[in-house]
Amino acid sequence: MSEEKKGFFTRLKEGLTKTRNNIVRGIDSVFSGFSSIDDDFYEELEEILIMGDIGVNATASIIGRLKEQVRERHIKEPADCKQLLVDSIREQMRVDETAYDFEHRQSVIMVIGVNGVGKTTSVGKLAGKLKAQGSKVLIAAADTFRAAAGEQLAEWARRADVPMIGGTEGADPASVVYDAVSAAKARGVDVLLIDTAGRLHNKKNLMEELRKMNRIIDAQFPDAHRENLIVLDGTTGQNALVQAREFGDVASLTGIVLTKMDGTAKGGIAVAIQSELNVPVKYIGVGESIDDLQKFDPDEFVNALFDVNMEEEQDGRTNVDSE
Amino acid sequence: MAFESLTDKLQNVFKNLRSKGRLTEEDVKAALKEVKMALLEADVNFKVVKQFVKAVEERAIGQDVMNGLNPGQMVIKIVNEEMIALMGSETTEIAMQPGKSVTVILMAGLQGAGKTTATAKLAGKLKQKGKKSLLVACDIYRPAAVEQLHVNGGKVDVEVFDMGTDHKPAQIAEEAVRYAEKNGHNVVILDTAGRLHVDEDMMAELQEIKRLVSVHQTLLVVDAMTGQDAVNVAKEFDDKVGIDGVVLSKMDGDTRGGAALSIKAVTGKPILFVSMGEKLSDLEQFYPERMANRILGMGDVLSLIEKAQESIDIDEDKSREMAGRMKKGKFDFEDYLESMKQMRNMGGLSSILSMLPGMGVKAGDLESLIDEKQLKHMEAIVLSMTQEERRNPKLLNPRRKHRIANGAGVDIADVNRFIKQFEQSQKLMKQMGGGKGKRRGGMFGGFGGMKGGFPF
């Protein structure tokens with residue numbers, strides 16, 4: 001197993017420890033504390049999932065599925081429900097095999113989201129990752145609003161050793177995008193990464209600005225593979241769902257970057273979004289260094305969340321890696 | 001608008017309660033279950049919700065309520081009171097050191113909570129109160145954080161102190177306080193790096209700052225959109241560093257802001273400010289009662305009045321005159337223009353509607369109903385009239401109307417409709433005007449006129 005992978009896994013595990021403690025302690029006590037599967041049992045389960053930010057609706061549908069399975073399989077013991085629940089969430093969080101195709105194609109990735117979720121940092125990390133994989137990367141600094149956003153991104157570009165375009169405070173972001181697309185075509189860039197200004201999804205004008213940027217890429221670079229990644233703060237509650245919905249409305253989303261997962265946040269909101277909007281989590285951020293952005297692994301996520309067979313999974317990974 | 005959906009939900013629940021003359025225990029429980037779900041969807045911490053619902057239930061199921069004249073109203077009142085209690089009953093001001101001594105304020109929070117922005121906003125706010133602040137760049141980690149503070153400090157015209165990124169934050173803070181004392185600053189605001197509450201090293205850094213510098217107020221900046229984790233964050237910061245108050249950021253999103261309800265309940269620390277917008281002036285005092293009223297759809301009239309007083313520079317005589325004319329049904333197009341101007345100054349129609357009592361539930365619908373664009377068209381129509389025409393709508397003959405339509409770039413049918421509606425509301429106002437003598441001048445004159453004057 002590579003050092004990096006181990007490090008990441010440990011970090012994710014560490015990051016999720018508290019999460020896991022909260023959820024798992026609750027879940028285990030429910031599974032062991034109840035002698036029969038009754039309404040009280042489901043209600044308790046419901047509460048625990050809600051505490052994990054999974055949300056009222058997604059929780060209801062998870063519980064609904066669980067009830068169905070319990071009926072179909074004639075399960076009587078609360079303890080037997082646990083694996084069903086884990087499997088059900090894991091299945092839901094599975095990422096499509098084509099999800100990372102953009103890494104090997106000529107693509108334009110626009111990174112969007114509300115203020116302070118970690119867009120610029122994610123762009124920097126993503127640039128570093130793609131560059132390390134041998135892609136020719138160009139960064140566009142289309143956050144021309146926030147003070148010193150350009151400087152922040154320039155620093156990341158330097159760390160990742162990739163060129164950057166734009167970054168003048170107050171410039172028109174749409175024109176930055178236009179220039180960046182032209183430059184990407186002229187220079188034969190593999191991946192163009194566009195960092196956008198944070199905007200609240202209920203600010204109509206700013207959302208229209210984003211729609212325009214999206215349209216420009218479509219019009220100027222129709223051949224490129226398109227990715228619109230929304231960055232969501234893992235600590236965000238149910239509002240993240242509204243965010244995903246509104247952003248998806250102006251620029252159809254292809255994936256989620258879930259950041260700040262190294263705190264005590266449950267990140268359960270990702271389950272809610274997957275459940276209601278069917279947008280997959282593609283990356284997960286668990287730290288500050290450039291390597292701390294990793295592809296989302298639903299098995300890892302759910303296992304870490306529920307603390308299932310942690311060691312076995314790790315061994316499994318080792319085998320796969322060494323092959 | 002924060003809390004809007006919660007308001008909608010609670011209003012629905014209580015609409016059902018209101019329609020009943022008597023309440024059974026089951027009625028109350030059913031309603032409270034809805035309240036519980038609504039609060040959970042608003043990201044109010046689960047434990048807080050449980051406690052809250054229990055407290056309300058205990059009071060609501062008492063005999064007085066059940067047999068009272070208007071039990072539904074009573075339950076709403078109880079919910080309202082408990083909610084205010086939860087958010088802290090009183091408005092808390094930031095505690096300043098007496099006289100000329102320097103007050104040191106430490107800003108802390110997770111990454112991306114909005115610390116740097118809130119820091120500058122706070123400095124701007126204190127400047128209005130005559131304080132001379134010094135902003136201190138203690139975030140030595142995030143690229144360009146120092147520059148960001150410089151830019152934001154420049155916007156509010158407050159001096160920024162930095163020592164680059166090669167010194168320890170505690171050292172920078174110490175130097176900054178020394179500098180402030182020497183240069184006649186009376187407030188020092190330390191902008192620190194975003195950090196996770198579980199990051200021991202980073203939390204130790206804050207402790208180190210507090211050890212070297214006597215910090216008078218530690219403010220935790222919390223993103224209003226935070227989910228169930230908000231209380232964990234607040235609690236950890238309080239346990240490890242000690243906080244005196246909370247600044248709730250990004251309240252201008254449509255988050256229901258359950259974090260606001262939870263934090264005070266769990267940590268006992270008051271919410272001092274809410275940060276509402278992108279502009280550096282958008283830092284507002286937190287009023288628990290108003291906020292609770294807003295959540296329950298009872299409107300936020302106090303904030304509305306204040307906003308009006310702040311943002312409208314009206315000539316007292318002029319508006320009294322306008323109110324007088326209105327009573328007589330002589331409200332003309334000039335007054336209409338003036339009303340429109342006032343309304344825009346108060347942040348637009350939807351913003352006003354959301355603060356009006358009883359409008360909470362309908363604000364969402366109304367917003368879609370009233371196209372602000374349409375209002376602009378109407379304004380264009382009025383602007384295309386001559387002064388005489390505005391003062392005397394009777395002058396408007398078909399030829400004039402045609403000219404106006406051309407001028408405003410609308411159809412003549414639009415002009416006709418607008419004028420007709422205007423005449424109708426004029427009549428309406430005349431009828432209303434007689435009885436309501438107590439309508440005083442100032443904004444209410446203009447405001448009432450504006451309300452009546454909307455020819456939807």
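Chain letters run A, B, ... following the sequence lines, proteins first, then strands; residues in each count from 1.
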field: Sequence-distant partners of Thr120(A), side chain to side chain donor-acceptor pair (under 3.5 Å), two or more places apart
entry: Asp195(A)
field: Validation row: Gln243(A), Met225(B) side chains within 4.5 angstrom (heavy atoms)
entry: yes
message: Does Thr235(A) form a side chain to side chain contact (heavy atoms under 4.5 Å, CB included) with Leu110(B)? I'd like the steps, not just the answer.
response: CA-CA 10 Å; Thr235(A) 61; Leu110(B) 299 180; 4.2 Å; yes
- prompt: Which distance, rounded to the nearest 0.5 Å, do you find between the CG of Asn115(A) and the CG of Asp223(B)?
  reply: 9.0 Å
task: Decide yes or no for Asp53(A) and Asp43(B): does some side-chain heavy atom of the first lie under 4.5 Å from some side-chain heavy atom of the second?
output: yes
Approximate separation, where rounding is to 0.5 Å, of Gln111(B) CD and Thr259(A) OG1: 9.0 Å
field: Spatial distance of atom CZ (Arg146(A)) from atom OG1 (Thr117(B)) [nearest 0.5 Å]
entry: 8.0 Å
query: Would the number of heavy atoms belonging to other residues, nucleotides or ligands and lying under 6.0 Å from NZ of Lys168(B) be above 12?
result: no
- prompt: Do other residues, nucleotides or ligands put more than 12 heavy atoms under 6.0 Å from the CD atom of Gln51(B)?
  reply: no
query: Considering only heavy atoms, which portion of Lys115(B) lies under 4.5 Å from any heavy atom of chain A: side chain, backbone, both, or neither?
result: neither
query: Would you call Met51(A) and Lys47(B) a side-chain contact if the rule is heavy atoms closer than 4.5 Å?
result: yes
Reported OG1-to-CD distance for the pair Thr236(A) and Gln228(B), which is rounded to 0.5 angstrom: 13.0 Å
- prompt: Hey, are the side chains of Pro143(B) and Arg158(A) touching, using non-hydrogen atoms and a 4.5 Å cut-off?
  reply: no
Validation row: Glu169(A), Val151(B) side chains within 4.5 angstrom (heavy atoms): yes
task: Would you give the length of the straight line joining atom CG of Asp229(B) to atom NZ of Lys260(A), rounded to the nearest 0.5 angstrom?
output: 11.5 Å
query: Which of the residues Gln148(B), His150(B), Lys50(B) is involved in the greatest number of heavy-atom pairs with chain A at under 4.5 angstrom?
result: Gln148(B)
- prompt: Crowded around Asp38(A) CG? As in, over 12 foreign heavy atoms under 6.0 Å?
  reply: yes
- request: Using a cut-off of under 4.5 Å on heavy-atom pairs, state which of Glu47(A), Glu151(A), Glu155(A) scores highest against chain B.
  value: Glu47(A)
